[in-house]
Amino acid sequence: MIDWIRSFVGYRALFRGLAAVLVGLLSVTARADVPVARIGYVAFPPYEYRDAQGQPAGTFIDLTRKVAIEAGYRPVFVYLPISRVYLYLRKGHIDLWPGLTHIPSLEGKVRPSATRPIHVELSAWHLKDTPPIRQFSDLQGQRLILISGYTYGGLAQYLADQGDNDLTYTSTHQAGVDMLHRRRGEYLLDYRDPVAAIGATNGPEGLEHCFIREREAAWLFSVEDAKSERMRQAFDAAFQRLKATGSLPLAGDQRPVSALPGFPMPAEGGVSAPE
């Protein structure tokens, strides 16, 4: 009897082991059948960034993950410097980037989604004893700090072409704030939320900011991938389905964007042509 019980227990353990292996194989097979979406992301808190555990995080990342799964894709996130994102999109090394539209170096290289789930504000950050910017001409002849790799929707090149500004470039949001505190420039051109996310507005030495322009964020799909148009349509449709059920971390805000009085470049808004 004891031997029979031992045999029965042994067979049950073997059966459970085989069942676990089978479930694992089925899971791997199912995952293998789901197409992968290679998604680049950058340091742009609170929308997208790499957290303390080295994992993709942020509100735009959460939205992208949810929409990708709803669209029938398995999202694989790749953390990259901003200039590498541009290169990888042009080369087709990544499928898409949740990022800002109207980037000159991506003209004709990406297909932006019709969905514009996020608007972000570009600001001129300054110390409290520096006069605020009221109109675009107030930036003329000033020492400006810019983030390397950022085009600011073409504004960086426009300012460089004018020749009457002293432009200094730095690598990160924090480095730009530090340079401003060291008075390496009168104004830091950077986006409001990323600078606020690093605590630059806190404390007695907190910075102040002036509105410059709004930018739209979308999903930008590399045209180098033959599947990009199908993926773009799937993302837009998935977003609308999720929006209809009220299950999105960001509801999306489809509206025209605005700019500082006297801003010299066309405003973004609506659905742009492929960039």
* Who pairs with Y88 by ring-ring contact (aromatic ring centres under 6.0 Å, His included), at least two apart in sequence or on another chain? ->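 Y88 satisfies ring-ring contact (aromatic ring centres under 6.0 Å, His included) with H93 only.
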Inset, instruction - List in chain and number order the residues that pass side chain to side chain donor-acceptor pair (under 3.5 Å) with E186, two or more places apart in sequence or in another chain; answer none if no residue qualifies. - result: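 By the side chain to side chain donor-acceptor pair (under 3.5 Å) rule, E186 matches R143.
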Checking D138 now: which residues fulfil side chain to side chain donor-acceptor pair (under 3.5 Å) with it, not counting sequence neighbours?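 Listed in chain order: nothing, the list is empty.
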Any chance you could measure [X], atom [atom1], to [Y], atom [atom2], to the nearest 0.5 Å?
{"X": "Y86", "Y": "L80", "atom1": "OH", "atom2": "CG", "result": "12.0 Å"}
{"X": "Y152", "Y": "L122", "atom1": "OH", "atom2": "CG", "result": "7.0 Å"}
{"X": "C210", "Y": "L189", "atom1": "SG", "atom2": "CG", "result": "11.0 Å"}
{"X": "L144", "Y": "L167", "atom1": "CG", "atom2": "CG", "result": "5.5 Å"}
{"X": "F235", "Y": "L96", "atom1": "CZ", "atom2": "CG", "result": "5.0 Å"}
{"X": "W125", "Y": "H173", "atom1": "CH2", "atom2": "NE2", "result": "11.0 Å"}

- Message: As a quick check of understanding, evaluate side-chain hydrogen bond (donor to acceptor under 3.5 Å, both in side chains) for T64 and W219, giving each step before the final call.
- Response: CA-CA 8 Å; T64 300; W219 291 291; 2.9 Å; yes
Let's go through Q174 and T172 carefully: what are the C-alpha distance in whole Å and the side-chain angles of both, what is the deciding distance for side-chain hydrogen bond (donor to acceptor under 3.5 Å, both in side chains) to 0.1 Å, and is it a yes or a no?
CA-CA 5 Å; Q174 184 63 62; T172 66; over 6 Å; no
**Request:** Check the pair R184, T168 against side-chain hydrogen bond (donor to acceptor under 3.5 Å, both in side chains), reporting the backbone distance first and the verdict last.
**Result:** CA-CA 8 Å; R184 297 284 300 277; T168 300; 5.5 Å; no
Sequence neighbours left out, what passes side chain to side chain contact (heavy atoms under 4.5 Å, CB included) with S247? Give chain and number order.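 For S247 the side chain to side chain contact (heavy atoms under 4.5 Å, CB included) partners, ignoring immediate neighbours, are K66, L242, T245.
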Residues forming a side chain to side chain contact (heavy atoms under 4.5 Å, CB included) with T170, sequence neighbours excluded: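 If we apply the side chain to side chain contact (heavy atoms under 4.5 Å, CB included) test to T170, skipping adjacent residues, the hits are I145, I147, A175, M179.
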* Listed by chain and number, what are the salt bridge (charged side-chain N to carboxylate O under 4.0 Å, His left out) partners of R50, not counting sequence neighbours? ->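 So R50 forms no salt bridge (charged side-chain N to carboxylate O under 4.0 Å, His left out) with any residue.
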Would a 4.5 Å heavy-atom cut-off, applied to side chains only, mark [X] and [Y] as touching?
{"X": "V42", "Y": "E48", "value": "yes"}
{"X": "Q140", "Y": "D164", "value": "yes"}
{"X": "Y79", "Y": "P56", "value": "no"}

Problem - From CA spacing to verdict: salt bridge (Lys or Arg N to Asp or Glu O under 4.0 Å), D225, R232 - result: CA-CA 11 Å; D225 191 333; R232 185 181 73 88; over 6 Å; no
**Study point:** hydrophobic_cluster_shared for V78 and Y49, side chain cutoff 4.5 Å
**Key:**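 Y49 does not cluster with V78.
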